[in-house]
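Structure, as structure tokens:
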Amino acid sequence: MKRAIIKTKVKNKEELDRRMKEISLEFEPVMWQHDRVYLPRGYRPNMNMPRMIMRTEMKSVEQPPKYILILKRHIADSGVDVVNQTQVNDYVETVNLIHQLGFGNAAEVSRRRQVLRIGDDAVMYLDKVDRVPGHYLKIETKLKDDDKVSEVMDDLKRTLKLFSQDEKTITNDTYFDLL
């Protein structure tokens, strides 16, 4: 699935909270996520190469964790992210498959995440990444075949402004790059 993604470091968390309340929006309760990021042999940033992520997600200590395998590729010249994911039942076997495909463990990223669904095709995330100062606001939207990426990205930037964020704090770094 193709997605347009924009991520920004939150300038002022209290201001973001105030703005959310003003427009009557509320994030879902906090969940914990832990990602093991795997890169292929010969990986080089900005070369459109895939990353595999094995995610553990816990919404409550009363519920069992959910395991999700994610493949991500950022197509630098178009600004599009290709993201495919599937839930898996056997964590260890899936990690063995990842290693057999030639991917090596590059990083581990833990975060507390809150989700806000904006319509059918857009999601906003508020992330607090362990060992990284501050909070990050991330907006993702599914791209349709007839979408112009530049127009969608401009729309996402306007959405950021609704939440008192600006383009100066936008980052293309992944969370594992920030560690």
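The structure presented is a predicted model; accordingly, all values stated were derived computationally and were not measured. Counting from 1, the numbers follow the sequence of the chain as shown.
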[X] with [Y], same ILVMFWY side-chain cluster at under 4.5 Å:
{"X": "I23", "Y": "V10", "result": "yes"}
{"X": "I70", "Y": "L101", "result": "no"}
{"X": "I5", "Y": "V82", "result": "no"}
{"X": "I118", "Y": "M20", "result": "yes"}
{"X": "L116", "Y": "L16", "result": "yes"}

Please list, chain by chain and in numerical order, all residues satisfying ring pair (Phe, Tyr, Trp, His ring centres under 6.0 Å) with [X], sequence neighbours excluded.
{"X": "Y125", "result": "none"}
{"X": "F163", "result": "none"}
{"X": "Y91", "result": "Y67"}
{"X": "F103", "result": "none"}

Could you check R113, Q114, R112 and say which one makes a side-chain hydrogen bond (donor to acceptor under 3.5 Å, both in side chains) with D127?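 Exactly one option meets the side-chain hydrogen bond (donor to acceptor under 3.5 Å, both in side chains) with D127, and it is R113.
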Partner set under salt bridge (Lys or Arg N to Asp or Glu O under 4.0 Å) for [X], not counting sequence neighbours:
{"X": "D166", "value": "K11"}
{"X": "K138", "value": "E140"}
{"X": "K142", "value": "none"}
{"X": "R73", "value": "none"}

Ignoring hydrogens and angles, tell me if any N or O in the side chain of [X] forms a donor-acceptor pair with the backbone of [Y] under 3.5 Å.
{"X": "T169", "Y": "T8", "value": "no"}
{"X": "Q85", "Y": "L69", "value": "no"}
{"X": "K72", "Y": "D81", "value": "no"}

Sort and list the pairs that fulfil ring pair (Phe, Tyr, Trp, His ring centres under 6.0 Å) and have at least one residue in residues 1-42, not counting sequence neighbours.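 Listed once each, the pairs are W32-H34, Y38-H99.
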Report the C-alpha separation of R111 and Y136 in whole Å, then their side-chain angles, then the decisive distance to 0.1 Å, and conclude whether the side-chain contact (heavy atoms from CB on, under 4.5 Å) test is met. CA-CA 10 Å; R111 71 178 148 265; Y136 286 83; over 6 Å; no
Please table the atom pairs, donor to acceptor, closer than 3.5 Å between any side-chain atom in residues 146-161 and protein atoms at least two apart or in another chain.
{"unit_1": "D147", "atom_1": "OD2", "unit_2": "K144", "atom_2": "N", "d": "2.8"}
{"unit_1": "T159", "atom_1": "OG1", "unit_2": "D155", "atom_2": "O", "d": "3.0"}

Would you check, one step at a time, whether the test side-chain contact (heavy atoms from CB on, under 4.5 Å) holds for T174 with V109? CA-CA 10 Å; T174 63; V109 179; over 6 Å; no
Any salt bridge (Lys or Arg N to Asp or Glu O under 4.0 Å) involving residues 89-108? Give me the pairs, sequence neighbours left out, ordered by first then second residue.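 The answer is R36-E108.
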Can you name the residues that form a side chain to side chain contact (heavy atoms under 4.5 Å, CB included) with E57, not counting sequence neighbours?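 E57: side chain to side chain contact (heavy atoms under 4.5 Å, CB included) contacts with M31, Q33, R55, K59, K66, I68.
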